[in-house]
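Here's the structure we're looking at; comments come further down.
Computed from heavy atoms alone, side chains included, the values below leave out hydrogens, waters and symmetry copies. All figures in this text were calculated on a predicted structure; none of them were measured in a lab.
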Amino acid sequence: MAVPRQLPNAITIARILCAPVFLWMLLVDNGSDGALRWWAAALFVVAIATDGIDGYIARKYNIVTDLGKLLDPIADKVLTGVAFIGLSILGELPWWVTIVVLVREIGITVYRFIVVNNHVLAAAWMGKLKTVAQSVALTLALAPFAALIGDWANWVNIVTMWIAVALTIASGLDYIVSEVRGARTQRATGKK
């Protein structure tokens, strides 16, 4: 079966385009636990799940592109960033959490664009783990499970959010350390 070469990138772009729709659905009724809140949570889950789908298609059919390596983590950051911002606007997540996450995400994204001519900074394993942790924490925060199963759902969300923030910081530091080591190696190799 022939798969269009740009299909994974098209899926990635669709994930980016879902972000404003998701944010509107989340905010339009001030975050009440009604139908739009559930639809916003569902759209978030479907959109973030496409991260695995586009990557799987690209690897399976050997159509991995530099553009895809660049866009894929950006799409994740756009979707999760919008979710963090939306939850903070609603007063359901402290702004300091959103700021810490956004500083890391924007910093790594800007750095990706700076080094794109030298090399593509693809997502590392810790960055992927961070994305999974953020996705789980955000899904639990977005879906009003406490209304269905009780307040203990809020405690589960608090724990998962702390894990996501810790992995966000750790993965940012991992990128910095890896890039510094790579630059040192490149300088050492260039001098020989």
Report yes or no: does Thr50 contribute a side-chain atom to a donor-acceptor pair with the main-chain N or O of Ile53 at less than 3.5 Å?
-> no
hydrophobic_cluster_shared for [Y] and [X], side chain cutoff 4.5 Å:
X: Trp96; Y: Leu90; value: yes
X: Val64; Y: Ile57; value: no
X: Val180; Y: Tyr175; value: no
X: Ile149; Y: Val136; value: yes
X: Trp155; Y: Leu148; value: no

With rounding to the nearest 0.5 Å, note down the distance linking [atom1] in [X] to [atom2] in [Y].
X: Trp125; Y: Asp174; atom1: CH2; atom2: CG; value: 7.0 Å
X: Ile11; Y: Ile16; atom1: CD1; atom2: CD1; value: 12.5 Å
X: Leu129; Y: Leu167; atom1: CG; atom2: CG; value: 5.0 Å
X: Thr109; Y: Glu105; atom1: OG1; atom2: CD; value: 6.5 Å
X: Ile106; Y: Leu102; atom1: CD1; atom2: CG; value: 5.0 Å
X: Ile48; Y: Leu79; atom1: CD1; atom2: CG; value: 4.5 Å

CH2/Trp38: more than 12 non-hydrogen atoms of other groups inside 6.0 Å = yes
Answer yes or no: is there a side-chain heavy-atom contact under 4.5 Å between Gln134 and Lys77?
->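 They are not in side-chain contact.
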Would you call Leu87 and Leu138 a side-chain contact if the rule is heavy atoms closer than 4.5 Å?
->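 Result yes, sub-4.5 Å side-chain heavy-atom pair found.
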Report the C-alpha distance between Phe22 and Leu142 in whole Å, list the side-chain angles of each, state the deciding distance to 0.1 Å, and finish with yes or no for side-chain contact (heavy atoms from CB on, under 4.5 Å).
-> CA-CA 11 Å; Phe22 154 75; Leu142 291 167; 3.7 Å; yes
Does Asp72 pair with Arg15 as a salt bridge, N-O distance under 4.0 Å?
->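 Counted as a salt bridge, because a side-chain N and a carboxylate O are separated by less than 4.0 Å.
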Just checking, any donor-acceptor pair under 3.5 angstrom between side chains of Ser32 and Asp29?
-> yes
